[in-house]
Amino acid sequence: MGAAADWPGAYLLQLRTQRKLSPHTLDAYRRDLAELAGHAAGLDWQAIVAADIRRYASTLHARGLHPRSIARKLSSWRGFFDWLGRQTPLASNPASGIRAPKRPRSLPKALSVDDAVHLVATPARTAGGAPEPAELCNRAMFELLYSSGLRVSELCGLDLHYRGADARGPASLGWIDSAAGEVLVTGKGNKRRAVPVGAAALAALQAWLAVRPAPADGGAALFLSARGARMAPRVVQLRIKAHGQALGTPANVHPHMLRHSFASHLLQSSGDLRAVQDMLGHASIASTQVYTALDFQHLAQVYDRTHPRAKSK
């Protein structure tokens with residue numbers, strides 16, 4: 001390729017054809033490289049140096065971009081220059097060693113045990129009459145999110161039972177095994193795990209399955225929208241937010257909050273960090289250890305409320 005070569009385009013093609021990255025991930029790389037091109041303002045890619053990358057990162061920080069987003073962009077740029085150095089002479093990777101601003105430590109937001117149980121166990125309808133199928137679907141989804149700590153993408157990917165790849169679609173990524181009382185899901189990194197399902201969630205699932213219509217596409221999706229299509233994560237987010245608001249839950253509820261609540265409450269009761277890690281599907285126990293801070297926070301609140309010498313009179 002010559003001086004005017006489309007290096008970002010060639011890099012994205014390599015990511016798509018050789019590394020088989022998902023369209024969503026490719027779009028993120030494309031945006032990051034377009035932003036880098038905007039900062040470089042016509043500079044040849046080979047002319048960009050570490051001071052330029054440091055200045056670009058500082059500009060992003062000054063605009064108020066979250067440190068996590070800056071770190072992701074730096075990672076994208078670092079990967080691009082690593083690849084570029086194998087295609088054309090490059091003195092060094094200008095993004096190497098450039099760090100994003102330090103991220104403030106933030107704890108995941110979890111509901112109290114009482115609030116979580118009230119959220120998932122209380123039906124939307126308080127008046128008489130049989131619940132609508134959508135209400136039974138919601139109840140089953142919310143109970144399962146809290147019972148098993150699933151990600152919303154894992155929940156929406158569940159099938160009624162395992163199905164191999166066929167003309168109607170690929171093999172199941174997750175499914176319910178009611179007899180064993182567990183749910184099997186494929187999480188990040190295509191790692192499959194089995195997580196127990198509580199009795200309340202199993203009962204809610206049975207109530208939903210009794211009215212569940214046949215999927216519009218002839219597939220095996222467990223949770224369906226009003227049109228009979230596989231439930232989308234965004235729809236789950238909107239439904240649980242509306243449900244929380246209707247119940248007066250003291251938080252802006254979202255599906256991941258139930259995952260955090262699952263982990264926090266399980267850790268409070270068991271103290272078994274490794275078991276919580278396995279059920280969450282975390283590759284590193286460091287990702288799970290954040291819940292120990294929530295556990296200490298809970299203990300500190302109990303201490304402040306109950307110990308006679310916790311606070312000065």
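Just so you know, these numbers use all the heavy atoms, side chains as well, and skip hydrogens, waters and symmetry mates.
Of the possible polar contacts, one joining the H265 side chain to the S261 backbone as a donor-acceptor pair under 3.5 Å is found. Judged by distance alone, with hydrogens and angles left aside, the side-chain atoms of S270 form a donor-acceptor pair with the main-chain N or O of D272 at under 3.5 Å. No donor-acceptor pair under 3.5 Å is formed between the side chain of S225 and the backbone N or O of M231. Checked by atom type and distance alone, the side chain of R139 pairs as donor or acceptor with a backbone atom of V120 at under 3.5 Å. A donor-acceptor pair is defined here as one N or O able to donate and one able to accept, closer than 3.5 Å; no such pair exists between the side chain of H282 and the backbone of V276. The backbone N or O of Q46 lies less than 3.5 Å from no partner atom in the side chain of D44, so there is not a single donor-acceptor pair. Using a distance-only test at 3.5 Å, with no hydrogens or angles considered, a donor-acceptor pair links the side chain of S76 to the main chain of R72. One N or O on the side chain of T59 and one on the backbone of R55 form a donor-acceptor pair closer than 3.5 Å.
Note that CG of L158 is 11.0 Å distant from CE of M141, once rounded to the nearest 0.5 Å. From L60, atom CG reaches atom OG of S58 across 8.5 Å, with rounding to the nearest 0.5 Å. For the atom pair CD1 of I285 and CG of L273, the computed distance is 4.0 Å after rounding to the nearest 0.5 Å. Between atom CG of residue L26 and atom CG of residue L21 there is a gap of 5.0 Å, rounded to the nearest 0.5 Å. With rounding to the nearest 0.5 angstrom, the CG atom of L258 is 5.5 Å from the CG atom of L119. To the nearest 0.5 Å, atom OH of residue Y11 and atom CZ of residue R19 are 5.5 Å apart.
Residues Y162 and L184 fall within the same hydrophobic cluster, defined by Ile, Leu, Val, Met, Phe, Trp and Tyr side chains chained together at heavy-atom separations under 4.5 Å. Tracing side-chain contacts under 4.5 Å through hydrophobic residues (I, L, V, M, F, W, Y), one reaches M257 starting from V113; they form part of the same cluster. When hydrophobic clusters are built by joining Ile, Leu, Val, Met, Phe, Trp and Tyr residues whose side-chain heavy atoms come closer than 4.5 Å, directly or via intermediates, V197 is not grouped with W175. Under the 4.5 Å side-chain heavy-atom criterion for Ile, Leu, Val, Met, Phe, Trp and Tyr, L280 and V152 are members of the same hydrophobic cluster. F80 is not connected to V49 by any chain of hydrophobic side-chain contacts under 4.5 Å among Ile, Leu, Val, Met, Phe, Trp and Tyr, and they are in different clusters.
Under the 30°/60° scheme for interplanar angles, the aromatic rings of W83 and W7 are found to stand perpendicular. The aromatic rings of H254 and H256 lie parallel to each other, their planes meeting at an angle below 30°, with 60° marking the opposite boundary.
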| request: With side-chain contact (heavy atoms from CB on, under 4.5 Å) as the test, would you mind laying out the steps for Y146 and R259 before giving the verdict? | output: CA-CA 6 Å; Y146 180 50; R259 177 171 163 87; over 6 Å; no
| said: One pair to check against side-chain contact (heavy atoms from CB on, under 4.5 Å): R212 and L160. What are the steps and the verdict? | reply: CA-CA 10 Å; R212 169 183 171 271; L160 179 60; 3.7 Å; yes
| task | Please report the C-alpha distance between Q206 and S178 in whole Å, then the side-chain angles of each, then the deciding distance to 0.1 Å, and finally whether the side-chain contact (heavy atoms from CB on, under 4.5 Å) criterion is met. | result | CA-CA 9 Å; Q206 288 304 314; S178 298; 3.9 Å; yes
| side-chain contact (heavy atoms from CB on, under 4.5 Å) assessment of L247 paired with H243 | CA-CA 6 Å; L247 296 182; H243 184 62; 3.4 Å; yes
| task | Could you walk me through whether T25 and S22 pass side chain to side chain donor-acceptor pair (under 3.5 Å), step by step? | result | CA-CA 5 Å; T25 303; S22 70; 3.0 Å; yes
| request: Could you give me the CA-CA distance, side-chain angles and deciding distance for S264 and Q268, then say whether side chain to side chain donor-acceptor pair (under 3.5 Å) is met? | output: CA-CA 6 Å; S264 177; Q268 287 172 18; 3.2 Å; yes
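Two residues are said to be in side-chain contact when any heavy atoms from C-beta on lie closer than 4.5 Å; C137 and L224 fail this criterion. Using a 4.5 Å heavy-atom cutoff, the side chains of W77 and I48 are not in contact. Considering only heavy atoms from C-beta on, F142 stays 4.5 Å or farther from T122 through its side chain. Contact check for H61 versus L65: no side-chain heavy atoms found under the 4.5 Å cut-off. The shortest side-chain heavy-atom distance between L222 and L205 falls under the 4.5 Å cut-off. Using a 4.5 Å heavy-atom cutoff, the side chains of P94 and D52 are not in contact. In this structure the side chain of R78 never reaches within 4.5 angstrom of the side chain of K73, judged on heavy atoms. Between L173 and V185 the shortest side-chain heavy-atom distance does not fall below 4.5 Å.
Contact detail for L90 and W45: the closest heavy-atom pair is CD1-O, 4.5 Å. Residues A204 and E143 come closest through the heavy atom pair CB-CG, 4.0 Å. Summarising the geometry of R227 relative to A216, their closest heavy-atom pair is O-CB, 3.8 Å, with the distance given to 0.1 Å. Minimum interatomic distance between S147 and A201 (heavy atoms only, all atoms of both residues): CB-CB, 3.7 Å. Nearest heavy atoms, L202 versus G181: CD1-CA, 4.2 Å. In plain terms, the two heavy atoms of P196 and M279 that are nearest each other are CD-SD, 4.0 Å.
At a threshold of 4.0 Å, the pair D159-R230 counts as salt-bridged, since one of the basic side-chain nitrogens sits closer than that to a carboxylate oxygen.
Applying the salt bridge (charged side-chain N to carboxylate O under 4.0 Å, His left out) rule to pairs touching residues 174-193 yields E154-R193, sequence neighbours excluded.
Within 6.0 Å of CZ on R63 lie more than 12 heavy atoms contributed by other residues, nucleotides or ligands.
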